[in-house]
Amino acid sequence: MALSGFLLWVAWHRGLMRCDTHRAADRFAEVLQRLGTTFVKLGQHLSLRADILAPDAQEALASLQANVAPFPPEQAVQEVEAALGRPWQQVFARFDMHALAAASIAQIHRAALPDGTEVVVKIRRPGAAEQAETDMRILRRIVLVMQGLVPSLRRWGLAAIVDEVAANFRYEMNLSREAASVRRFADAWRGSADIVIPDVVDGLCTPTVMVQQFSHGAHLHGLPSPTAVAAAGKLVDSYVAQIFRDGFFHGDPHPGNVFVMDDGRICLHDFGIVGRVDGNMRRALVAFALAFVEQDAEWVVDAWLDLGLLGDGTDRAVFVPVVRALVADCAQRPLKDWSLSGALAQLVAAGRTQEVRLPRDLLVLTRTLLLLEGTVRLLAPEFSIIEAISRHTTTGVFDEPKSAASQRLPYELGNAAHALPSLMARRLHSVLRQGDLLQLSIKPDARMLSGIDRLGRRVALALVTLGLYIASSLLMQHGVGPRWGDMPVLALLGYALAIRFTFSIARSRG
């Protein structure tokens, strides 16, 4: 009924009356807030969809928060005992009945194990999973009816959006999955001098209950300036490692989930939302970050297309002027005001008329970057995330920009060298599957053997030439050895020899 009333309101005020005294997005946000947790989550998801919503609509929906009271402690105890299969007194030496924090999906209670270890117990809200499933089924039926009545709505993929939100709900509702994510992060950062992840307790995690080590620290508001700047640097460095090294990142870095420990380490909480970046997306994102830092508009577009978000009928020319305007705008502002998430959002918005459909992990990444930028600016308004990313030169990926040509050529050559073995393996596998291609009767003669010998030498020379190009590019990138002007001599010699070999291969005849 609430949704029907909203649609009638839009039809009257925006259609018949041509009246815009109330923004439809604000009214829609109010309706979702009244409908409860499931629809608040839907609105929060839609606030990320720059591919279908205008910026003012995204802003209105981003303000949605699920304001819920904690459920009674008696229910919390019942859920714990049902999940763990025994009275809570046999598991904990102490269990605080008053909730430490409450959210739409779960709430937190402090407790202590028999050995004195302080823990927190995360308990899923009773009936939340069932209610979410019911709400999403109803919403999907509504969407299908709307698409049947108004076929033009199908281009927005509304049913797919509902399915994606439902899948996200199922993931967040399963605390066993969150526990697995916590363990993975805790193992990855164990012993780190900068980041600490409170680990889960073995044997005390189920789909409805998760027991995790307790930790606490200073909230980000009001930290002394040196501490805040150091914390911002550690936080950004950790996300560079999570995204570009591990391909697995904490997806909710808002200030409430980040603490600063007494020893200066950053503590991350709440792993209900995590993102994944596969190898192809990681390389495309690296290229996007480099191109954005170097203000190379053509490279930014190429990297965007490499993310594979666009259909075959997409017009590349749509993105070029947007990127050029974006680059020109950034060039006039200090680095601290540059925003990678903003750049991604503008590109998505530019593709609103194209076949752009963002996968879940890229949506999570865009949201994560937005939250990260907000948290960093809360800590240290003058801190530049772009400058922090540029410091990561150990892999040769985030070197300080020299010129578009000197930075892009090593990257593209290195990327090709990385992909070549996989491409050759897939090609060989494809050939081997065609058994008849290998069932050949060959009677070699002297002429054939001579030709095979020459071909082998050409292949060997080609591999050596490729190695010279890659090695010279790495030498050029890192500036190793003596220099002639601004150019490393060893790199120039390597390029010269590689070019000489290239001409030799091109002139040779089989």
Side-chain angles (χ1 to χ4, degrees), residues 2 29 31-47 61-88 91-92 94-111 119-140 162-182 198 200-201 203-214 250-252 254 256-257 268-274 364 367:
V31 170
L32 294 179
Q33 188 78 64
R34 290 200 303 270
L35 287 173
T37 297
T38 305
F39 293 89
V40 167
K41 287 285 186 181
L42 173 65
Q44 291 172 343
H45 177 89
L46 289 173
S47 72
L61 295 177
S63 63
L64 284 169
Q65 297 294 331
N67 300 315
V68 294
F71 52 87
E74 295 79 11
Q75 285 188 332
V77 169
Q78 290 174 3
E79 291 294 317
V80 169
E81 293 182 343
L84 301 182
R86 52 193 186 275
W88 70 263
V91 182
F92 305 106
R94 187 191 78 252
F95 183 88
D96 293 356
M97 293 298 172
H98 295 288
L100 182 65
S104 58
I105 291 177
Q107 69 185 35
I108 304 293
H109 290 256
R110 285 192 64 176
V119 295
V120 292
V121 184
K122 187 171 185 177
I123 308 167
R124 191 173 74 189
R125 188 172 289 273
E130 295 77 8
Q131 184 62 50
E133 288 288 344
T134 300
D135 289 343
M136 297 313 295
R137 280 197 300 270
I138 294 172
L139 184 60
R140 197 176 198 283
V162 171
D163 290 341
E164 187 173 325
V165 173
N168 292 345
F169 254 123
R170 295 186 193 103
Y171 187 91
E172 290 186 56
M173 290 287 181
N174 191 335
L175 298 188
S176 292
R177 291 179 178 175
E178 181 177 350
S181 297
V182 172
V200 293
V201 179
L204 297 181
C205 296
T206 74
T208 58
V209 170
M210 181 181 74
V211 180
Q212 188 177 10
Q213 295 173 357
F214 175 77
H250 178 267
D252 202 14
H254 68 74
N257 288 337
L268 296 178
H269 287 273
D270 193 350
F271 289 82
I273 301 175
V274 295
V364 173
R367 175 182 184 274

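Positions are given from 1 along the sequence.
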Walk me through whether V77 and M97 qualify under side chain to side chain contact (heavy atoms under 4.5 Å, CB included).
CA-CA 8 Å; V77 169; M97 293 298 172; 3.7 Å; yes
Derivation of the side chain to side chain contact (heavy atoms under 4.5 Å, CB included) call for M136 and V162
CA-CA 7 Å; M136 297 313 295; V162 171; 3.6 Å; yes
List the steps, then state whether side chain to side chain contact (heavy atoms under 4.5 Å, CB included) holds for V211 with V120.
CA-CA 6 Å; V211 180; V120 292; over 6 Å; no
Go through it in stages, so that I can follow the logic: the residues are K122 and E178, the test is salt bridge (charged side-chain N to carboxylate O under 4.0 Å, His left out), and I'd like the CA-CA distance, side-chain angles, deciding distance and then a yes or no.
CA-CA 11 Å; K122 187 171 185 177; E178 181 177 350; 2.9 Å; yes
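V209 has its side chain out of reach of R124: every pair of non-hydrogen atoms, C-beta onward, lies at least 4.5 Å apart. No side-chain heavy atom of P87 sits less than 4.5 Å from a side-chain heavy atom of F92. Under the 4.5 Å side-chain criterion, counting only non-hydrogen atoms from C-beta, H269 is in contact with P198.
Atom OG1 of residue T206 and atom CG of residue N174 lie 8.5 Å apart, to the nearest 0.5 angstrom. The CG atom of L175 lies 9.5 Å from the CE atom of M173; values are rounded to the nearest 0.5 Å. Atoms CG and CD1, on L100 and I108 in that order, are 7.5 Å from each other to the nearest 0.5 Å. Note that CG of D252 is 10.5 Å distant from CZ of F271, once rounded to the nearest 0.5 Å.
A side chain to side chain donor-acceptor pair (under 3.5 Å) check over residues 68-81, counting only residues at least two apart or in different chains, returns nothing.
The side chain to side chain contact (heavy atoms under 4.5 Å, CB included) test applied to V91 returns L84, R86, L204, not counting sequence neighbours. Checked against salt bridge (charged side-chain N to carboxylate O under 4.0 Å, His left out), E133 has the following partners two or more places apart in sequence or in another chain: R170.
What you find for G272 and E172 is that their closest heavy atoms are O-CG, 3.5 Å. Heavy-atom minimum distance, C205 versus V200: SG-CB, 3.9 Å. Contact between D163 and R140 at its shortest, heavy atoms only, is OD1-NE, 2.7 Å. The nearest pair of heavy atoms linking H109 to A76 is NE2-CB, 3.6 Å. In this structure, G251 and V364 approach most closely via the heavy-atom pair CA-CG1, 4.3 Å. Among all heavy-atom pairs drawn from P70 and A99, the shortest one is CB-CB, 4.1 Å.
Under the 4.0 Å criterion applied to side-chain N and carboxylate O atoms, R94 and D96 are assigned as salt-bridge partners.
Between F95 and W88, the angle of the ring planes lies from 30° to 60°, which puts this pair in the tilted group.
A cation-pi arrangement is absent between R125 and F71 under the rule of less than 6.0 angstrom and at most 45 degrees off the ring axis.
Panel note: side chain D135, backbone R137; no donor-acceptor pair is recorded below 3.5 Å. No donor-acceptor pair closer than 3.5 Å links the side chain of H250 to the backbone N or O of I273.
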